[in-house]
Amino acid sequence: MSERTAHGHETRTVLLRGGEVHSPADPFATAMVVQGDSIAWVGSESAADSFAEGVDEVVHLEGALVTPAFTDAHVHTTATGLALTGLDLTGAPTLGDALARIREYAAARPADPVLLGHGWDATHWPEGRHPSRAELDEAAGGRPLYLSRTDVHSALVTTALLELVPGVAQLTGFADGAPLTRDAHHAVRERAHSTLTPSRRAEAQRAALGHAASLGIGDVHECAGPGISGEDDFTALLALAAEGNGPRVHGYWAEPVTSPADAARIRRLGAVGAAGDLFVDGSLGSRTAHLTAPYADAPHSGSAYLDADGVAAHVAACTEAGLQAGFHAIGDAAVTAVAEGVRAAAGRVGTDRVRAARHRVEHAEMMDEQSVAVFAEFALTASVQPAFDAAWGGTDGMYAARLGEARAARLNPYAALQRAGVPLAFGSDSPVTPLGPWEAVRAAAFHRTPQHRISVRGGFTAHTRGGRRAVGDDEGGVLAPGAPADYALWRTGELVVQAPDLRVANWSTDPRSGTPGLPDFTPGGPLPVCLRTVVGGRTVHERPNE
């Protein structure tokens, strides 16, 4: 049944049968036919018999669940790969343990010109502090070391690395004895990452994309830009992804656009938008998110990197150029600046044009009713990370420490965004929090602040169809005839329909609901295991037989 396309590529037909197919086209589907890079049919097991003859492959699902592949809408691919293959301090329980890991890593990598690490977080360390530069110098054996905090908005470095960046002590964000932030951080990070060889970078990128595929992720949105990863890193990643051996990569380049020439240059890089981490502010963990009132644990209100006028100029220029714009905004003052800037841009170029451009905002954590309404009015995609709340929410988490319990309880209001009709796209911001789509769905459904919870189905949609819509693809992220053949197979338990409120009976397996089921996400329960990931009809991950 194989055919040839106009380009000479073989088109294979695959029948999947004997499982559960999560499809809006047929909520009771147990089989699916894929022809080439698209889905040809979904339906019942009995009807599948008519396709059984002559197909190129029959996949016997043996009860496995078939879903659309996930999209992670915010990833830093190379940094993720470096954390996977190198020095990762995520989860280090104490300062002493972190220093021990640094010593071990330095001994194992004697040839590295700069030691690269990630993931430290002193918030709950019993010592109550981050390591001093002297302690880092000793642990690294006097070598250059760059160590980004878990939020990647500040970093610790050794004396030897500072000596490689002349003038860093005069830059904004340098304070002796404190983590580097702002311009000082960007300068040191750029110098540290410049030591990556092309082969080491490719190793890290392959590791990250392979790990994503193993988790059922078929698309990632790479959030790059000056001072984040660099043009060489960005173009090398896009070239690697174009080989077709892993997830698709949609690249965003975070640089302000003020003219058609700026937009054209960003397109030449291969970017789909001038968006992602175009910083309006920093992060809560590093106390650089821009707030309207001071931090609860510091006598300042964070940092403003871009004001409403700058937002307006960027959105207007991108809209005129037909290019997607976007920003990183976390604090309430930063989100307000985005909202005011987008409204001003719409006044210049027209509301309908702004809405049609599908501009986006990363994180958007501290939102009130007014900012939610602006996001809905101008169809701004909220590209959010539910794992942030799982890691830092609650009355005893980092958010409460930084903001106080009352302000912390207002963060990440997914239910309000969903009710207002704001487009949601879920991601991880990996390596800030790990790649993990099912974990993100569970975190949204069991948000630490109950009024912000959304249904499992709503979270699943945000992590599949929402991510595809965020890049202008209205066909992907769903299993239906004519849709792209991007799907994953899962070993899982009983499928249920799960609502976000534990106080009512909200689990149902009643087929009369006509709603496709999803795994039971009761906190603490097992998560699905990915057996296969397929992107555009190509298998990019296959779990070994156990």
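Please read these numbers as outputs of a predicted model, since none were measured by experiment.
- Using a 4.0 Å cut-off between charged nitrogen and carboxylate oxygen, Arg468 and Asp486 count as a salt-bridge pair.
- Looking at Trp253 and Glu255, their side chains do bring a donor and an acceptor atom within 3.5 Å of each other.
- For the side-chain contact (heavy atoms from CB on, under 4.5 Å) criterion with Val188, the lone passing option out of Asp183, Val114, Val165 is Val165.
- Screening Thr195, Leu180, Val157 for a side-chain contact (heavy atoms from CB on, under 4.5 Å) involving Tyr146 leaves a single residue, Val157.
- Residues Leu89 and Ala98 share a closest heavy-atom pair of CD2-O, 4.0 Å.
- Minimum interatomic distance between Arg465 and Gly476 (heavy atoms only, all atoms of both residues): CG-O, 3.7 Å.
- In plain terms, the two heavy atoms of Pro131 and Glu135 that are nearest each other are CA-OE1, 3.3 Å.
- Nearest heavy-atom pair, Arg360 versus Ala73, reported as atom, atom and distance to 0.1 Å: NH2-O, 2.8 Å.
- Side-chain polar atoms of Asp151 and Ser283 form a donor-acceptor pair below 3.5 angstrom.
- A donor atom on one side chain and an acceptor atom on the other are not found under 3.5 Å apart for His541 and Ser214.
- For Thr533 (side chain) and Ala213 (main-chain N/O), a donor-acceptor pair under 3.5 Å exists by modelled atom type.
- Summarising the local packing, CD of Glu190 is surrounded by 12 or fewer heavy atoms from other residues, nucleotides or ligands at distances under 6.0 Å.
- A donor-acceptor pair is defined here as one N or O able to donate and one able to accept, closer than 3.5 Å; no such pair exists between the side chain of Trp120 and the backbone of Leu95.
- A side-chain donor from one of Arg200 and Thr85 sits under 3.5 Å from a side-chain acceptor of the other.
- Under a 4.0 Å N-O distance rule, the pair Asp112/Arg143 does not qualify as a salt bridge.
- Among His250, His328, His363, the single residue meeting the ring-ring contact (aromatic ring centres under 6.0 Å, His included) criterion with His74 is His363.
- Closest approach of Thr464 to Ala69, counting heavy atoms only: CG2-O, 3.9 Å.
- Counting all heavy atoms, side chain and backbone alike, Ser303 lies closest to Asp281 at O-CB, 3.3 Å.
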Walk me through it: do Phe460 and Phe70 pass the test ring-ring contact (aromatic ring centres under 6.0 Å, His included)?
-> CA-CA 9 Å; Phe460 177 79; Phe70 286 103; 5.7 Å; yes
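- No donor-acceptor distance shorter than 3.5 angstrom exists from the side chain of His463 to the backbone of Val441, with no hydrogens or angles considered.
- For Glu57, the CD atom counts as densely surrounded, since its 6.0 Å shell holds more than 12 non-hydrogen atoms of other residues, nucleotides or ligands.
- Using a 4.0 Å cut-off between a side-chain N of Lys or Arg and a carboxylate O of Asp or Glu, Asp97 and Arg101 qualify as a salt bridge.
- The closest side-chain donor-acceptor pair between Ser383 and Thr381, if any, does not fall under 3.5 angstrom.
- Side-chain polar atoms of His185 and His153 form no donor-acceptor pair below 3.5 angstrom.
- For the pair Arg448 and Tyr399, the cation does not sit on the ring face, since its NZ or CZ is not both under 6.0 Å from the ring centre and inside 45° of the axis.
- Glu231 has no carboxylate O lying under 4.0 Å from a charged side-chain N of Arg268, or vice versa, which leaves the two without a salt bridge.
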